[in-house]
Structures are given as C-alpha cells and as structure tokens.
Amino acid sequence: MSHSQDSDLERQEPHTFKSALISILTVKDGEVYETHPDKNPKWYQKLLDIGVEENGIKPVPLEQRTCTQYNNLFTVFFTCLLCLLPIPTGMLATLGMGMNLRDASLVIVFFAMLTCIPPAFMVIGGMETGLRQLIQARYSFGRYLVTVPLLFNAATLTGFSLLSAVVGGQTLASLNPDQLSVNIGIIITCLVSFAVSLFGFKAVHFWERWTWIPNLIAIVIALGCGGKHLHLQTDNPPATASQVMTLGALIAGYFITFGGTVSDYSIYHKPNVVSRFRVFTYTYLGLLLPSVPLLILGAAIGGCTPNIPSWSAAYAFTGIGGIFYQMLVPVLGNFGKFILVLLALSVIGNIAISMYSISVNLQQLLPFFAQVHRFFFIFVAMGLLIPFAIKAAEAWEESLTNFLAVIGYWAGCFDAVVIVELVVFRRGDYGSYDHAIWNVGRRLPPGVAALGASLVSLALVIPGMAAPWHTGPLAKITGDIGFESAFVVTGLAYILFRWIEIKLVGHL
C-alpha cells in the first residue's frame, strides 16, 4: 500500500468514528420509542424480557401502551406516601407553628383534598398521549424554555428524595447511634432505592404494589405502642388566619408538586379501556389516603413531644426515628427494633419513584441525551442524592421547612399552565399532542407565554410568600398565599398570553 493511501486511511478513520458517534447520538425529528429484539445482544434482550425498561423520554406509541393494571396508579402513589416522610411534615404544624391538633387536622384535610386534584387530573395525560410529564410540558413551554420548569422539577424530586433518605437514615441510626451514624443509614436507604429505580417502570410498580403491606403493619404496631401518649397535647391557642394559610401552603407544596411527575407512571397504560375518571380516582386516592392520616399523626406527635422528655431528647438526637425508637423498643424489645427497621425502609418507595423521575428529567437537558441509556442517569441521580442528603441531615428541620415552603410556588405555576393548555386551548383533545413534533422546536410553541405568565405571578407570589428567609408584606397579614397566587394568576395570565402567542406564530 502506498504512502498516500495510508494517509487517506488515517484521515478517514477519525472522520468515520466521528460520523458514527454523531449518528448514534442523533435523535430524529419525531422519533418515537421502538423495540428491536432482533438487533439487541442476547444478554441485553434477556434483561428486557424480564421487565427492565429500555425507553427513556421518547414518546410511547399506541401499540406499545399495553399495561392494563390501572390500579397500580393507586398503589404506586399510596405506597410511596405510606412511609415516615409525612410524619415529620405534619409535626411542623404543631411543633413548628404552634397550632393545636384540631385546627392543624382540619387544615391538613381541606388543603390535601383540594391540592390532590391537579396531579390526579394530569396523570390522564400520560395514558392518553404516551408522553412523559415534562415532554407534555414542551407543548406549552416550548422545546427550550421548558428547561426552566425541568430544572425546578429535578430539584424538587431531589429534595423529596433527600428528605426521605434523611428520615430513613435517622431511623436506622436510632437503633444504635454509637455504631451506626445517620450518614450510614442514608447510604443504605439510597442504595436499596437505587436498585429498584434502576430497573425502571415495571420494577417500580411491582415494588410499590406489594411493599405497602409491611409499611402499614409497621406503622400500626408503632401507633399501638406509642399511641397512649398522644393525648398529652400542648395547649396551643386557636389557629390564626396566618397560621392556617401558611400550613395550607406547606400542604399544597407537598401534593401539587406531583404534577411534574405523575404521567411518568402512566405512559405505558392502554387508553380507552377504563374511564378517565377511574384513572383520576385511583391517583387521587393514592395520594390522599396514606398522606392525610400520617400528616395528622405527625401533628399529634409534634403536639405532645415537648411534654414527653424521652421523646423530646430522642427527637433532638435522631429526629423522628428517635421518637419511634422510644415508642417501640421499651415495649417490644428486639422485635421493636425489627419494626423500626421496617419503618426506616418504608421510605424506599418514595425515593425510588423520585430517582426514576429525576433520571428521565436529566435525560431531557440536552437533545442527544435522549440516546443515552436511562441507566446512566440513575447513577447520576444517586451520585447527587447521597451527598445532598448527608448535608441536609446536618440541619434537618430547617431543611424540611425551607424546602416545603418554596416548592409549591413553582409547581402552582407549572400545573396551571399545563392544565389551561389542555382544557382551554386544546379543548381536552389529547390527540393534539402530536408525537411528530415532540423534539422539533420550530413546530412547538415558543414558550414565551408560559414562562411570561409564570413570571407575572411573581408580582403577587413574592409579597404573599412566607418562607423562613423571606416574609412578604401581604404574608405578614394573610399568611402564606404564594401558592394560591402562583396558580390563579399564572392560569389567568396564560390564557391571555397564549392567545396572543398563537396569533403571532400561527399554530398551537
């Protein structure tokens, strides 16, 4: 071979490799998820055959939406919330805000029933369109500006995961604080959750379908042992309007943020088999039923903790895990420690669904990420979660309060935009979410109307918010009305802005 031919090959090889890499990472316009069992390596196909999820964020065409276990939309949320996390959240009402148990319970019930409605409605979109929740949002926020709610959503999911990890870690550490630190407990709960979320949609649903049973048994046993002390409530005065609205904002932040993820768990469900109302009901009850009793239980525990010295000391040392240790172990001994382990592991379902949604959120950050396997982003999610959770554990109550106080604001804007887009501008027609344009920026909305409406709401959100680091002038009088302002103002402004946007661009 001549010297000139060798030189030609040297120039061609890098070019060929670059072309092949670009080809692999390029997502075609309107490309949907397709299976290719004949092209997959045997070992990889075996993993898919046992239920490992291959798809990431690509739309799922109708023929691939074959799941008919609609009741798993109940169990996936029921189990993820039937854990320890709602309990310290409820404690904020009595121990943190100084409300009495009766008033706190009424506020929890009212705002929970109200704010479960938006995410329960939004879950229908996953089944009807085959689109992930934040992919649906592109049909409002556009291909590029959707990155804003995407980042907020990823941060929210990370926050929920790390709070759950801290609660689980504290509970494990309470077994033997001298030998098992909270940090080690956090790592254990995160690793088990990682294994569940790694396998994807079917594994997450399978885990959530059955693990509510030991979770419920453990909570009932703990309540049976420690419930005799719950009458020792602090005699707090009747709640003020400000306290009611502030607690309402915390409860809204707890529920309405599910609007950023619910469709991720329904995109493989077959449409037109059961009514949309049935799907709504499964999701609504899955969110509501486990949360309200546990939030009220948390409020009851918070109200009596200052009056029980052993609980108060345990809470200061290992959080809610310490209180459950004091409930269980003096009464049941080693069996009580076993129940405590079950309580610690109850947060796995909560962390697992969050890590799963974080991974598909990260996959949307750059166009070529859609071609990178979902496995990679699960590893990234775990790598972010563990150090953040360890840091949050250092100032647990402050981390919980700050997080819940803020997340409801952006979620109110997001849910309002997505719902108004469907109901007002698309007239409830899920078929208008055309798979052919899901990643084609020029055919999607610019997103200026959606982002602009959200920004306009800040004119009321900022003066109406009551966070530990900022209390607006309105909030000093009314309590926290940031969530209500975000949802209502964004929805109304979006109707006007989106109408103008459609007139200017000439299409939905």
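Quick caveat: nothing in here was measured; it's all calculated off a predicted structure. FYI, the numbering just counts along the sequence from 1.
- At least one side-chain heavy atom of R498 sits less than 4.5 Å from a side-chain heavy atom of P445.
- In F152, the CZ atom is not crowded: 12 or fewer heavy atoms of neighbouring residues, nucleotides or ligands sit closer than 6.0 Å.
- Contact of the R143 side chain with the V440 side chain is not registered, since no non-hydrogen atoms from C-beta on lie closer than 4.5 Å.
- For the pair F141/V148, no side-chain contact is recorded, criterion being any heavy-atom separation below 4.5 Å from C-beta on.
- Between the S485 side chain and the V461 main chain, no donor and acceptor come within less than 3.5 Å of each other.
- Across all non-hydrogen atoms, the minimal contact from S140 to A450 is O-CB, 3.6 Å.
- Side chains of Y409 and D480: a donor on one and an acceptor on the other come within 3.5 Å.
- Side-chain N or O atoms of S291 include none that pairs as donor or acceptor with a backbone N or O of L288 at under 3.5 Å.
- The aromatic rings of W410 and F414 sit tilted, their planes meeting at an angle between 30° and 60°.
- L114 contributes atom CG, which lies 8.5 Å from atom CD of E484 (distance to the nearest 0.5 angstrom).
- Although no hydrogens or angles enter the test, the distance criterion places no donor-acceptor pair under 3.5 Å between the side chain of R102 and the main chain of P238.
- Centroid-to-centroid, the aromatic rings of Y254 and F111 stay 6.0 Å apart or farther.
- In this structure, L444 and H507 approach most closely via the heavy-atom pair O-CE1, 3.6 Å.
- Defined by atom type and a distance below 3.5 Å, a donor-acceptor pair is missing between the side-chain atoms of S357 and T261.
- To the nearest 0.5 angstrom, Y325 atom OH is 13.5 Å from L172 atom CG.
- Proximity of S359 to V380: side-chain heavy atoms (C-beta onward) are nowhere separated by under 4.5 Å.
- Between the side chain of S454 and the main chain of C413, no donor-acceptor pair closer than 3.5 Å is present.
- Between the side chain of R426 and the backbone N or O of S432 there is at least one donor-acceptor pair closer than 3.5 Å.
- For the residue pair E128/Y433, the side-chain donor-acceptor check at 3.5 Å is not satisfied.
- Between atom OH of residue Y430 and atom OG1 of residue T129 there is a gap of 8.5 Å, rounded to the nearest 0.5 Å.
- A perpendicular orientation is assigned to the rings of Y265 and H205, their planes being inclined by more than 60° (bins at 30° and 60°).
- The backbone N or O of D434 sits less than 3.5 Å from a side-chain atom of Y139, completing a donor-acceptor pair.
- Here the closest heavy-atom approach between residue A112 and residue V292 is recorded as CB-CG2, 3.6 Å.
- Formation of a donor-acceptor pair under 3.5 Å by the T211 side chain with backbone atoms of W207 is found in this model.
- Around atom CH2 of W311, more than 12 heavy atoms belonging to other residues, nucleotides or ligands sit under 6.0 Å away.
- When all heavy atoms of N100 and A239 are compared, the closest pair comes out as ND2-N, 4.3 Å.
- Nearest approach of H269 to R65, heavy atoms of both residues: O-CB, 3.6 Å.
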Intermediate values then yes/no, side-chain contact (heavy atoms from CB on, under 4.5 Å), F121 and L422: CA-CA 11 Å; F121 175 74; L422 171 65; 3.8 Å; yes

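- Closest heavy-atom contact between I117 and M113: CG1-O, 3.6 Å.
- Taking CG of L455 as the start and CG of L451 as the end, the distance is 4.5 Å to the nearest 0.5 Å.
- Not one N or O on the side chain of R443 forms a donor-acceptor pair closer than 3.5 Å with the backbone of I437.
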Stepwise side-chain contact (heavy atoms from CB on, under 4.5 Å) test for M465 and T471: CA-CA 6 Å; M465 67 187 292; T471 301; over 6 Å; no

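- F258 places a side-chain heavy atom less than 4.5 Å from the side chain of L287.
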Audit row: E208, V196, side-chain contact (heavy atoms from CB on, under 4.5 Å) steps and yes/no: CA-CA 10 Å; E208 309 289 8; V196 176; over 6 Å; no

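- Judged purely by distance below 3.5 Å, without hydrogens or angles, the side chains of N307 and H229 never pair a donor atom with an acceptor atom.
- Considering only heavy atoms from C-beta on, S263 stays 4.5 Å or farther from L131 through its side chain.
- A distance of 5.5 Å separates CE of M355 from CD1 of I378, quoted to the nearest 0.5 Å.
- For the residue pair R209 and N71, a side-chain donor N or O sits within less than 3.5 Å of a side-chain acceptor on the partner.
- For F377, the ring pair (Phe, Tyr, Trp, His ring centres under 6.0 Å) test picks out F369, with sequence neighbours left out.
- Here the side chain of E501 pairs a donor or acceptor atom with the backbone of V448 at under 3.5 angstrom.
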F110 vs L106, side-chain contact (heavy atoms from CB on, under 4.5 Å): CA-CA, chis, key distance, verdict: CA-CA 6 Å; F110 175 78; L106 291 173; over 6 Å; no

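- Under a 3.5 Å cut-off, the side chain of Q326 and the backbone N or O of G322 do not form any donor-acceptor pair.
- A 4.5 Å side-chain heavy-atom check between M127 and I267 finds every atom pair outside the cut-off.
- Of the options F77, Y70, F78, a ring-ring contact (aromatic ring centres under 6.0 Å, His included) to F74 is made by F78 and by none of the others.
- Side-chain contact between L82 and T79 is absent, with no heavy-atom pair separated by less than 4.5 Å.
- Side-chain contact check for S346 and N215: no donor-acceptor pair (N or O, by modelled atom type) lies under 3.5 Å.
- Atom CG of D235 is surrounded by 12 or fewer heavy atoms from other residues, nucleotides or ligands within 6.0 Å.
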